[in-house]
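Here the structure is a predicted model, which means the values were calculated and not measured. Within every chain, numbering begins at 1; the chains are lettered A, B, ... in the order of the sequence lines, protein sequences first and strands thereafter.
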Amino acid sequence: MKPRKTSLVVDSVEDLIDCIQDGMTLVVPADYGGSPAEAARALVRKGVKNLRLIGGPPSGYVAELLIGAGCVSYLEMPGVILGDFGLAPRFREAVSQGKVEIRDSTCPAFHAAINAAQRGLPFMPMRGLIGSDVLRYRPEWQVISNPYAGKEADDPIVLIPALVPDVVLFHAIYGDRYGNVWIGKSFEVMAMAQAAKMAIATFEHFFEGDLLEDKHMAPSTISHIYMSATAHVERGAWPLALGAEYPVDAEHMKRYVELARTRAGFDRYVDEVVRGKQRAA
Amino acid sequence: MQYTKQELMAVVLARMSRGAESIAVGNSSPIPAAAALMVYAQTNRETIISILGSFKYNKLFTGGIREQYDFAARGRVDIQFFGGGQIDGQGNINLVGAGSYPRSKIRFAGSFGSALQYYLGRRTILFREEHSKRTLVPQVDFISAPGTSPPNVHRLGGPIALVTGMCVMSFDKEKARFTLRSIHPGYTRKDVIENTGFDFDCPADVGITPEPTPDELATLRGFVRQEVAEVYPTFAVEALLSEIPVVSQSSSMSAQQ
């Protein structure tokens, strides 16, 4: 048998995100674990609208960019933060002005919801939450009495409904010709991919051989049976860090935060960095 | 000896954290990260610490971020730190926004893991550099997580103290109320009262927060400054006083995540 490059591995980031349509429920991982920054820029260039964005917690640069560019109509997340560079200006303005419908969540609730979907279960119980406004504003989250606490016991516990995303989009560290991708310790991304209807990924390095047949690589590999498409995109997480591959581009992030304070500044950032148009200063 | 406010706060947090088996540091928490690293150094690297966003200081958790929440959910985190856009006199924290919800007038980042971890971490130290009526309010506008819970709600721990740029307060969960414990050098009891939006107990014998010792400052400005720069490069350079440049670590780390 000759090694084959399967149809899963597409040629460009544009081809990769072709399957993301207006109005879909999109999940992306956190800035520290496989954030698909270049793919997000491609989504902005494509002009996708009305995404229902759910932050694989917490959200950061990608959510900020998609919100600022008007691609998102609904946002569910436990937080949007640009790491060491502070609060996310476009996110804050969009929420304050009511431009985006918002549901505040908490990180472990996201993981519980994904975990339920991954296992084909309708819900997952979760501790905490009771007495918080996070719960008060989520009337769909049911509270039951723990049925195993004994007849007399009163032990309320929250049930988080399963979350089945239309599509999960992330940046992996390695990808091979078969559509397998390697995510290091970011097992939450593996859970997201297994929970979703579709999972697509850019990957940083091309891996010669089969990730599933390498005994050191296989345990952190998301099998191609969960993947709909992958694309080799170097520096696909830039300006964010990617594991120990490269650090965050601090100068770039500082400049972003400075520009994104105003609508005009953000538009200029999109023109220059996302669309790659150089403008005379 | 000269020191910054952040250095004093990190030292105060580190002193409170001594004896903990495990310390967890979440998002946007440079001062707690410095405190955790300080305890790590002082205990000859025996304390279990995790710093969100760090690769080096999450190495104990091979299962990724979900394992860290599960570790916390089983009550294995002894000390954790939460900030808050608003903190009220009952220990409720608001990480979501000021004003009405959902169209917050001033939007903060979000609740992150607090709506689980505030209940299940054994001891939470609240920290907020800005000590003002804007941040320390009578009642928070949004409860990301409550300071106390009714007895039937499964809760392993909660807030024990509040450390600000001005003072240290302890929290009594039975009374759901703070008590002033020490005032940082340069501030007075009057400053604390005038800048706190909630009522708190104020004993007659409140002392001054002990200043950082030369040993503590040496640890902060040496080991801690170098290590905290992985996640908080700006903070490392601006808050921790030293002439020595911070060395980038990325080149010395292995190729795998």
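For B/Leu52, the part lying under 4.5 angstrom from a heavy atom of chain A is the side chain only. Of the atoms belonging to A/Arg136, not a single heavy atom falls under 4.5 Å from chain B. Residue contact with chain A, scored on non-hydrogen atoms closer than 4.5 Å, is absent for B/Tyr118. Interface remark: B/Ser111 contributes backbone and side-chain atoms alike to the contact with chain A (heavy atom separation under 4.5 Å). With a 4.5 Å cut-off on non-hydrogen atoms, B/Ile65 touches chain A through its backbone and its side chain both. Contacts of B/Val231 with chain A are made by backbone atoms alone, with heavy-atom separations under 4.5 Å and no side-chain atom involved. Of the atoms belonging to A/Met77, it is side-chain heavy atoms, and not backbone ones, that fall under 4.5 Å from chain B. Of the two parts of A/Tyr137, only the side chain, counted from C-beta on, holds a non-hydrogen atom closer than 4.5 Å to a non-hydrogen atom of chain B. In this structure, chain A has a heavy atom under 4.5 Å from the side chain of B/Asn27, while its backbone stays farther away.
Enclosure of atom CZ in B/Arg76 is not indicated, since only 12 or fewer non-hydrogen atoms of other residues, nucleotides or ligands lie within 6.0 angstrom. Heavy-atom contacts from other residues, nucleotides or ligands closer than 6.0 Å to CZ of B/Arg134 number 12 or fewer. Heavy-atom contacts from other residues, nucleotides or ligands closer than 6.0 Å to CG of B/Asp199 number 12 or fewer. More than 12 heavy-atom neighbours from other residues, nucleotides or ligands sit within 6.0 angstrom of CD on B/Glu130. Atom CZ of A/Phe266 has more than 12 heavy atoms from other residues, nucleotides or ligands within 6.0 Å.
Pairing each heavy atom of A/Cys107 with each of B/Gly113, the nearest pair is SG-N, 3.6 Å. Residues A/Leu87 and B/Arg107 come closest through the heavy atom pair CD1-O, 4.5 Å. Of all heavy-atom pairs between B/Ser144 and A/Val134, the closest is O-CG2, 3.9 Å.
Here the side chains of A/Asn115 and B/Arg66 are in contact, with some heavy-atom distance below 4.5 Å. Between B/Leu116 and A/Met126, the closest side-chain pair of non-hydrogen atoms falls below 4.5 Å.
For chain A, the option among B/Gly110, B/Gly64, B/Ala109, B/Gly97 with the highest count of heavy-atom pairs below 4.5 Å is B/Ala109. Of all the listed residues (A/Asp104, A/Asp154, A/Leu135, A/Leu82), the one sharing the greatest number of non-hydrogen pairs under 4.5 Å with chain B is A/Asp104. Here B/Thr62 is the residue among B/Val153, B/Val96, B/Thr148, B/Thr62 with the most heavy-atom pairs under 4.5 Å with chain A. With respect to chain A, the highest number of heavy-atom pairs below 4.5 Å among B/Gly53, B/Ser54, B/Gly63, B/Ala145 belongs to B/Gly63. In terms of heavy-atom pairs under 4.5 Å with chain B, the best-connected choice from A/Asp31, A/Asp155, A/Val80, A/Ile157 is A/Val80.
With hydrogens and angles disregarded, no donor-acceptor distance shorter than 3.5 Å links the side chain of A/Ser96 to the backbone of B/Arg103. Checked by atom type and distance alone, the side chain of A/Thr106 pairs as donor or acceptor with a backbone atom of B/Phe112 at under 3.5 Å.
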Pair B/Tyr69-A/His111, side-chain contact (heavy atoms from CB on, under 4.5 Å): steps then yes or no: CA-CA 9 Å; B/Tyr69 288 114; A/His111 295 302; 3.7 Å; yes
Start with the C-alpha gap between A/Arg92 and B/Ile106, add the side-chain angles, then the distance that decides, and say whether side-chain contact (heavy atoms from CB on, under 4.5 Å) holds. CA-CA 8 Å; A/Arg92 297 183 77 199; B/Ile106 301 167; 3.4 Å; yes
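A side-chain N or O of B/Thr234 and one of A/Asp84 form a donor-acceptor pair less than 3.5 Å apart.
A side-chain contact (heavy atoms from CB on, under 4.5 Å) with B/Pro102 holds for exactly one of A/Val95, A/Val100, A/Ile102; it is A/Ile102.
To the nearest 0.5 Å, the span separating CZ on A/Arg127 from CD on B/Gln117 amounts to 16.0 Å.
Contacts from residues 57-64 of chain A to chain B, taken as heavy-atom pairs separated by less than 4.5 Å, involve A/Pro58 in sequence order.
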